[in-house]
Peer 1: 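There's a structure below that I have some questions on.
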Amino acid sequence: MNEWPLWEIFIRSKNGLSHKHVGSLHATDEEMAMQNARDVYTRRSEGISIWVVESKHISASDPDEGESLFDPANDKVYRHPTFYNLPDELKHM
Amino acid sequence: MEKNLEEIFQAKIDREEKIEPKDWMPDAYRKTLVRQISQHAHSEIIGMLPEGNWITRAPTLRRKVALMAKVQDEAGHGLYLYSAAETLGVDRVELFEQLNSGKAKYSSIFNYPTLSWADIGSVGWLVDGAAIMNQVPLCRCSYGPYARAMVRVCKEESFHQRQGFEILLNLSKGSQAQKDMLQESVNRWWWPAMMMFGPADGDSPNTQQSMKWKIKRFTNDDLRQKFVDVAYEQAKVLNVTLPDPDIKWNEERGHYDYGVINWDEFWNVVKGNGPCNKERLAARNKAWDEGQWVREAALAHAEKRANRKSKKVA
Ligand SMILES: [Fe+2]
Ligand SMILES: [Fe+2]
C-alpha cells in the first residue's frame with residue numbers, strides 16, 4: 001500500500017503570535033490533514049489557527065553548511081546596538 | 001574522519017545541545033533511538049486495548065468521558081512518537097508491520113488483563129504513574145524531536161494518573177466489596193508496574209551507552225526507587241497495602257527498601273507468554289486488516305478530488 005503523505009503542522013496559539021511548528025502527521029489530502037491536526041494537536045485549546053504543509057514542499061538548510069551560511073553574521077557586531085559608544089548621561093536610548 | 005565526527009557529536013551532547021534530524025549522528029545512536037521511540041509508540045497504541053475494554057462499562061458518564069479522553073490521548077501519544085521516529089528515516093507502515101508481526105516489542109504491562117473496574121483506577125495510578133516517572137526525564141533527551149514529543153505527552157499524562165487515583169479513592173471510601181476490589185486490583189498490578197522500569201541495572205547492558213548519549217538520564221533502578229518512594233506514600237491515602245512484605249523505610253539510604261522482583265515472570269511476558277500477548281496482537285492485526293479498505297479508499301478519494309481540481313484549472 002502507498003503510504004499517506006506526511007504533513008507538517010503549524011499552530012497559532014493566540015492572535016498576536018506566529019504559527020509554530022508542533023509536529024507532523026499522515027493524511028491523504030489537506031482537508032484530512034487539517035481535521036487530524038485539530039484532533040491531535042488542539043485537543044486542549046492549544047490553538048486558534050492551523051497551517052498544514054505537505055512535508056515534501058519544505059526545503060531545509062543543510063546543517064553541514066551551517067558555518068558558511070551563518071558565519072557572515074558573526075563578524076558584523078556593528079549590527080548590534082551595544083557596538084556604539086554613547087555617554088552614560090544619555091538615558092533611554 | 002568518522003572518529004572526528006563522533007567526537008564532535010559527543011561534545012555537542014556533553015554541552016547539552018540537542019541533535020536534530022538532519023545533523024550527523026552515529027548509526028548506533030540512530031538505531032537505538034528508532035528502537036526505543038518505536039517501542040514507546042507501540043506501547044501507547046497497545047496500551048489503549050486494556051482500557052478500551054472498560055469504556056462501555058464505565059459506571060458513570062463522568063467516568064466514561066474521562067476514560068474516552070484518556071484513551072484518545074494515548075492514540076495521540078502513539079502518533080507523536082511515530083512522527084518522531086519518522087524523522088530518523090523509517091516509515092510508519094514499516095513500524096506498524098514490525099508491531100503486527102510480533103517482531104517489535106512494547107511495554108509488557110499491557111499484556112496483563114483489566115478484570116475489574118478497579119483495574120482502570122490501578123492502571124491510571126500505577127501504570128501511568130510509572131510511565132510518568134520514565135517519561136519526565138525523556139523531555140530532556142538529546143534527540144530534539146523525541147524530547148519535544150515527550151513534553152506534549154507529559155503535559156497530558158498528569159490527568160491520566162489523577163483520574164485513576166480518583167477512581168481508587170472513591171472505591172476506598174465505598175462498601176467493603178469496593179474496598180476488596182481495590183485491594184485485589186492493587187495486588188495484581190503492583191509487581192507488573194515495578195517491572196515497567198526494565199531489568200535491574202546489572203542486567204541492562206545498553207544503559208551506560210544511552211546515558212552517555214543522554215537519551216536516558218537515570219538508570220532503571222533509580223527510576224524504580226523513585227516510583228516506590230512516591231507510591232508508598234500514595235498507597236496510604238488509599239488505605240491499601242502494597243503486596244510486598246519487604247517494603248520498609250531505610251533511614252540510612254533515605255529510601256524505601258523493597259522485595260525481590262520476579263524476573264522469570266518479566267522475561268516470560270517479554271517473550272510472548274504473558275496472559276494477554278496473543279490477544280493484544282490479534283486485536284492489533286484485526287484493526288489493521290479491517291482498516292485496509294478505508295486507507296485505500298481515502299487515498300483513492302483524495303486522488304479523484306485532486307484530478308477534478310486540476311481539470312478545472314486546465
Ligand atoms: Fe501515554
Ligand atoms: Fe497515559
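Not measured: the values here are computed from a predicted model. Basis for what follows: all heavy atoms, side chains included, without hydrogens, waters or symmetry-related copies. Letters A, B, ... mirror the listed sequences (proteins, then strands); counts begin at 1.
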Peer 1: Okay, side chain of S83(B), backbone of S24(A): is any donor-acceptor separation there less than 3.5 Å?
Peer 2: yes

Peer 1: Does NZ in K103(B) sit with more than 12 non-hydrogen atoms of other residues, nucleotides or ligands closer than 6.0 Å?
Peer 2: no

Peer 1: How far apart are the C-alpha atoms of R305(B) and D29(A), what are their side-chain angles, what is the distance that settles it, and do they pass the side chain to side chain contact (heavy atoms under 4.5 Å, CB included) test?
Peer 2: CA-CA 9 Å; R305(B) 272 193 47 205; D29(A) 59 17; 3.1 Å; yes

Peer 1: Around K22(B), counting heavy atoms of other residues, nucleotides and ligands shown, do more than 12 lie under 6.0 Å from its NZ?
Peer 2: yes

Peer 1: What I want to find out is whether K309(B) reaches E31(A) closely enough, with some N-O distance under 4.0 Å, to be called a salt bridge.
Peer 2: no

Peer 1: Atom CZ of residue position R62(B) - does it have more than 12 heavy atoms of other residues, nucleotides or ligands inside 6.0 Å?
Peer 2: no

Peer 1: Does any heavy atom of chain A fall under 4.5 Å from the side chain of E20(B), the backbone, both, or neither of them?
Peer 2: neither

Peer 1: How would you list, in number order, the residues of residues 133-152 of chain B that have a heavy atom less than 4.5 Å from chain A?
Peer 2: R152(B)

Peer 1: Report which part of F159(B) has an atom under 4.5 Å of a heavy atom belonging to chain A: side chain, backbone, both, or neither.
Peer 2: side chain

Peer 1: Side chain, backbone, both or neither: which part of A27(A) has an atom under 4.5 Å from a heavy atom of chain B?
Peer 2: neither

Peer 1: With a 6.0 Å cut-off (strictly less than), is the heavy-atom count around CZ of R217(B), excluding the residue itself, greater than 12?
Peer 2: yes

Peer 1: Within a strict 4.5 Å, meaning less than it, do heavy atoms of the H26(A) and E86(B) side chains meet?
Peer 2: yes

Peer 1: Which one, V40(A), D62(A), D64(A), leads in non-hydrogen pairs under 4.5 Å with chain B?
Peer 2: V40(A)

Peer 1: Of the backbone (N, CA, C, O) and the side chain (C-beta and beyond), which part of S61(A) lies under 4.5 Å from a heavy atom of chain B, both, or neither?
Peer 2: backbone

